[in-house]
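Chain naming here is simple, since letters A, B, ... match the order of the sequence lines and numbering starts at 1 in each. Note that these values count all heavy atoms, side chains included, but never hydrogens, waters or copies made by symmetry.
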Amino acid sequence: MIRAVKGTRDLLPPSTEVWNSVEEAARRVFRAYNYREIRTPILEETQLFARGVGEETDIVTKEMYTFEDRDGSSLTLRPEATASVIRAYIEHRLDQRPGVQKLYYLGPMFRRERPQKGRYRQFFQIGAEAIGSESPFVDAEVIEMVMEFFRAIGLEGFQLLLNSVGCPKCRPVYIARLREELAKAAPSMCADCRRRVETNPLRVLDCKVPEDQPIVEALPSILDHLDPECRAHFDAVRQSLTDRGIAFELRPRLVRGLDYYMRTTFEVVHGALGAQNSVLGGGRYDGLAESLGSKVPAPGIGFSIGEDRLVMSLEETRGEEFKPQLCLFIAPLGERALRESALLARDLRRLGISVEIAADARLKRALELANKLAARYALILGEDEIASGKYTLKNMATGEQVSIAREELPARLGRG
RNA sequence: GUGGGUGUAGCUCAGCUUGGUAGAGCGUCGGAUUGUGGUUCCGAACGUCGCGGGUUCGAAUCCCGUCACCCACCCCA
C-alpha cells in the first residue's frame with residue numbers, strides 16, 4: 001500500500017473545516033490591518049535560505065529538502081517564508097510602492113526533521129510581514145494584529161512572550177559576556193548546555209533541564225546589555241503594547257533559532273500541545289535584505305503561526321463548534337420526484353443553501369441518512385407532494401413537519 | 001541523528017505471561033410488511049494478527065531480524 005510520506009499527512013473533513021475557518025479569519029483580520037496576500041514559490045534557490053536564514057542554523061545545516069535540478073542548480077523546498085517574501089520585495093522593488101508594505105501569506109513549509117506531536121515535515125504557516133519601517137509602533141501593531149486574530153478564532157489559554165535580542169552591534173558584546181559567565185558555570189550543567197557554550201551560547205538560556213535552572217536564571221540578561229538605540233526601541237514597543245491593553249510576559253531568555261532576528265522578538269505558547277508548545281514565532285529582521293544582497297534596506301518585522309499546532313489546540317478545546325451542517329436533505333420518492341428534486345436542489349444551491357439528494361433510497365433509509373449527515377431539514381417529495389404542489393418539510397431536530405409551497409422554501413430554510 | 005513505546009477488522013482496543021489455526025465495542029450494510037430518522041432488537045460483510053525468517057506436530061502468542069507509526073531529545077512553527 002502506498003502511504004503518505006513520513007511527516008506529511010492528509011487533512012480530512014471535518015478537520016479541514018477548522019483549517020478553513022482559521023484561514024478565513026486570518027484573511028479577514030489581516031485585511032482590516034491593511035495587509036494583502038503575497039504568494040511566493042514553494043521552490044527557491046538554495047542560496048536564498050542559506051544566506052537568509054543563516055548558514056549555521058539547524059534549518060540550513062540539516063533540515064532542508066534540497067535537490068539538484070536537471071540543469072545542475074540547487075533548489076530547496078522552502079523551510080519558512082520570510083526570506084522568500086523579502087526576496088520578492090527586493091526583486092519587484094516593492095520599496096518603490098507607497099507606504100509600509102504589509103504582506104501576509106499562508107501555505108506549506110518543509111523541514112526534514114523527525115516527526116512528533118505538532119511537528120511535521122510538511123507543515124503549514126500563516127504569517128505576515130511589515131516591511132519598510134523601523135518604527136516600534138509597527139512592532140506593536142503587528143503583535144496586536146496577532147492577538148486580534150487569536151481573539152477572532154476564539155483561541156484561549158495562550159501566553160505572549162516578549163524579548164529584545166539586540167542588534168549586530170550590541171549582541172556580540174552580550175554573547176562575549178555570556179561566554180565569560182558560562183566558562184565558570186558550564187562544568188556543572190547538563191551535557192547539552194556544555195555543548196551549547198561552544199556552538200550557540202544563547203541557546204543555553206533556553207535550557208529546560210530543571211537542575212540547570214538556578215544557573216540559567218543567574219546568567220546576565222540581554223536586556224541589560226542593549227545599546228541605547230535598541231533600548232529605546234524596546235521601551236517604545238512595550239509602551240505601545242501597554243497603550244493597546246495587550247498583556248505580555250517579558251522573557252529575557254527568549255531566543256530565536258533563525259539568524260536574521262534582531263531587536264524585538266516574540267513568541268506565543270499554548271498548553272495542551274505536548275512538547276511543541278510554540279504556536280507562533282516572530283520578530284524584527286532589519287538586516288535581512290542586505291544579507292540577501294539588497295542595496296536598498298528593507299527593515300521589517302513579521303511572524304509566522306504554526307497552523308497545524310493552532311488547529312490542534314483549537315480542536316482540543318472546541319472542536320465540536322466547527323462541525324458543518326447540511327441545510328437540506330431531499331428524499332425523492334420515484335422517478336418524477338427525483339427529476340423534480342434535481343431542479344429544486346439547483347435553485348436552492350444557487351442561493352447558497354447546502355443541499356443533498358438521496359438518489360436511490362427508500363424514505364426510511366433517506367431519513368436515516370439525513371440524520372447521520374446532521375441535516376437541519378429533510379424534504380419529502382413523493383407523488384402526493386408533486387400532485388398537490390405542497391412539499392413536506394421536516395425539521396430534523398424537532399421532528400415537526402409542515403406542508404410548504406416550493407416558492408416558500410428559500411425563506412423557510414434561510415441561508416446556509 | 002539519539003532514546004522509549006506501539007503495530008490484531010474502517011476506527012478504538014482485548015487476546016500474547018500459561019502456543020491449539022481470531023474476539024468486543026463503535027462504524028458500514030441489510031432486516032423488524034405499505035411514505036418517516038434519532039432509541040431498541042435481529043442479522044451480514046470486512047482480518048496475509050506490519051513484514052521476513054526461526055523454534056514447534058501446531059505461532060497473533062516464544063526467538064531473531066526488518067519496516068512503519070507514535071512520543072520524547074535536539075531544534076523549531
**Q** Pick out which of A/L205, A/V165, A/N163 makes a side-chain contact (heavy atoms from CB on, under 4.5 Å) with A/L254.
**A** A/N163
**Q** So what does A/L280 hit on the nucleic acid, given a heavy-atom distance under 4.0 Å: a base, only sugar-phosphate, or nothing?
**A** sugar-phosphate
**Q** Across all strands, who's sitting opposite B/A45 as a Watson-Crick or G-U wobble pair, both distances under 3.5 Å?
**A**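 Checking every strand shown, B/A45 finds no partner, since no pair has both distances under 3.5 Å.
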**Q** Hey, is the side chain of A/R203 poking within less than 4.0 Å of OP1 or OP2 on B/C73, counting only N and O atoms?
**A** no
**Q** Is there a side-chain polar atom (N or O) of A/K372 under 4.0 Å from OP1 or OP2 of B/G38?
**A**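 No.
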**Q** Please measure how far the P atom in B/G10 lies from the corresponding atom in B/U48, and state the result in whole Å.
**A** 8 Å
**Q** Categorize A/A397 for me: base, sugar-phosphate, or nothing, with a 4.0 angstrom heavy-atom threshold over every strand shown.
**A** base
**Q** Which is true for A/Q122 with a 4.0 Å heavy-atom rule: it touches a base, it touches only sugar-phosphate, or it touches nothing?
**A**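 Nothing, no nucleic acid heavy atom in range.
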**Q** Take A/K62 and A/G399, find for each the nucleotide of RNA chain B with the closest heavy atom, and name the residue whose nucleotide sits nearer the 5' end.
**A** A/G399
**Q** Can you tell me if A/E45 and A/S73 form a side-chain donor-acceptor pair at under 3.5 Å?
**A** no
**Q** How close or far is atom C1' of B/U39 from atom CE of A/M396, stated in whole angstroms?
**A** 14 Å
**Q** Of the candidate nucleotides B/G1, B/C74, B/G35, which contains the atom at the shortest distance from the side chain of A/R114?
**A** B/G1
**Q** Between B/G3, B/G38, B/C76, which one does the side chain of A/N371 approach most closely?
**A** B/G38
**Q** Under 4.0 Å between any heavy atoms, over every strand shown, what does A/D384 touch: base, sugar-phosphate, or nothing? Just pick one.
**A** base
**Q** Could you tell me whether A/D139 and A/R263 make a salt bridge, using a distance below 4.0 angstrom between a side-chain N and a carboxylate O?
**A**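 Here A/D139 does not pair with A/R263 in a salt bridge, since their nearest N and O are not under 4.0 Å apart.
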**Q** Salt-bridged, A/R27 to A/E24, with N to O below 4.0 Å?
**A**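 Answer for the salt bridge query: no.
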**Q** Taking atom types as they are modelled, would you say the side chain of A/E368 forms a donor-acceptor pair with the base of B/U36 within the 3.5 Å cutoff?
**A**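 By the distance-only test, no, there is no pair.
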**Q** To the nearest angstrom, how far is A/I59 atom CD1 from B/C75 atom P?
**A** 13 Å
**Q** Remember a base hit wins even if backbone is also touched, and classify A/E267 as base, sugar-phosphate or nothing at under 4.0 Å, heavy atoms.
**A** nothing
**Q** Distance check needed: B/A77 P versus A/M109 CE, whole Å only.
**A** 11 Å
**Q** Once you apply the 3.5 Å cut-off to both distances, tell me the Watson-Crick or G-U wobble partner of B/A32, or none.
**A**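 Because both required distances fall under 3.5 Å, B/A32 counts as paired with B/U40.
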**Q** Work out how far the P atom of B/G58 is from that of B/G15, and round it to whole angstrom.
**A**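 Looking at atom P only, B/G58 and B/G15 are 26 Å apart.
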**Q** Does A/Q116 place a side-chain N or O at less than 4.0 Å from the phosphate oxygens OP1/OP2 of B/C73?
**A** yes
**Q** Now, which nucleotide makes the Watson-Crick or G-U wobble pair with B/U6, with each of the two distances under 3.5 Å?
**A** B/A68
**Q** With a 4.0 Å cut-off on heavy atoms, is A/R3 in touch with a base, just the backbone sugar-phosphate, or nothing at all?
**A** sugar-phosphate
**Q** Starting from the C-alpha separation in whole Å, work towards a yes-or-no answer on salt bridge (Lys or Arg N to Asp or Glu O under 4.0 Å) for A/R412 and A/E408.
**A** CA-CA 6 Å; A/R412 186 68 176 231; A/E408 295 174 67; 5.9 Å; no
**Q** Mind calculating the distance between OH (A/Y120) and C1' (B/A77) to the nearest angstrom?
**A**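 These atoms are roughly 12 Å apart.
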**Q** Considering only atom C1', compute the distance from B/G38 to B/G19 and round it to an integer number of Å.
**A** 47 Å
**Q** Please report, rounded to the nearest Å, how far the C1' atom of B/C74 is from the CZ atom of A/R111.
**A** 14 Å
**Q** What does B/A59 pair with, Watson-Crick or G-U, if both distances are under 3.5 Å?
**A**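 Its partner is none (no Watson-Crick or G-U wobble pair with both distances under 3.5 Å).
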**Q** P atom, B/U40 versus B/C26: distance in rounded Å?
**A**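 Looking at atom P only, B/U40 and B/C26 are 9 Å apart.
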**Q** Any side-chain N or O of A/R365 below 4.0 angstrom from OP1/OP2 of B/C29?
**A**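 Yes.
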**Q** If you measure only the distance, is there a donor-acceptor pair under 3.5 Å linking the side chains of A/R244 and A/S240?
**A** yes
**Q** For the pair made of NZ in A/K117 and C1' in B/G5, what is the distance, rounded to whole Å?
**A**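 Going from NZ in A/K117 over to C1' in B/G5 covers 15 Å.
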**Q** Using the C1' atoms only, state how far B/C69 lies from B/G50, rounded to an integer number of Å.
**A**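 One C1' to the other, the span is 10 Å.
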**Q** Please figure out whether A/E383 or A/N277 has its closest RNA chain B nucleotide nearer the 5' end.
**A**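 This one resolves to A/E383.
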**Q** Please classify the nucleic acid contact of A/E113 as base, sugar-phosphate, or nothing, using heavy-atom distances under 4.0 Å.
**A** base
**Q** With the side chain of A/Q401 defined as its heavy atoms from C-beta on, choose the nearest nucleotide among B/A72, B/G31, B/U36.
**A** B/U36
**Q** Could you work out which one of B/G35, B/C74, B/U2 sits closest to the side chain of A/T392?
**A**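 Closest nucleotide among those given: B/G35.
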**Q** When all nucleic acid strands are considered with a 4.0 Å heavy-atom cut-off, which category describes A/G127: base, sugar-phosphate, or nothing?
**A** nothing
**Q** Just checking A/F124: base, sugar-phosphate only, or nothing, at a heavy-atom cut-off of under 4.0 Å?
**A**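 Result for A/F124 = nothing.
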**Q** For B/C73, which nucleotide in any strand shown is its Watson-Crick or wobble partner with both distances under 3.5 Å?
**A** B/G1
**Q** Hey, which of A/P220, A/S221, A/S164 is the one that makes side-chain contact (heavy atoms from CB on, under 4.5 Å) with A/P252?
**A** A/S221
**Q** Say we look at B/C46 and B/C64: how far apart would their C1' atoms be, to the nearest angstrom?
**A** 33 Å
**Q** Which of the following nucleotides, B/G35, B/U36, B/C73, is nearest to the side chain of A/K364?
**A** B/U36
**Q** Please report the distance separating the C1' of B/A44 from the corresponding atom of B/A9, rounded so that it comes out in whole Å.
**A** 14 Å
**Q** Are A/E385 and A/T392 close enough that a side-chain donor and a side-chain acceptor fall under 3.5 Å?
**A**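 Yes.
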**Q** Just the rounded figure in Å: distance from C1' of B/U36 to CZ of A/F329.
**A** 13 Å
**Q** Distance check needed: B/G30 C1' versus A/L369 CG, whole Å only.
**A** 15 Å
**Q** In terms of ring plane angle, is the pair A/F30 and A/Y35 parallel, tilted or perpendicular, where the classes change at 30° and 60°?
**A** tilted
**Q** B/A60 and B/G53: how far apart are their P atoms, nearest whole angstrom?
**A**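 Those two atoms are separated by 14 Å.
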**Q** Mind checking if A/I380 touches a base, just sugar-phosphate, or nothing, with heavy atoms under 4.0 Å?
**A** base
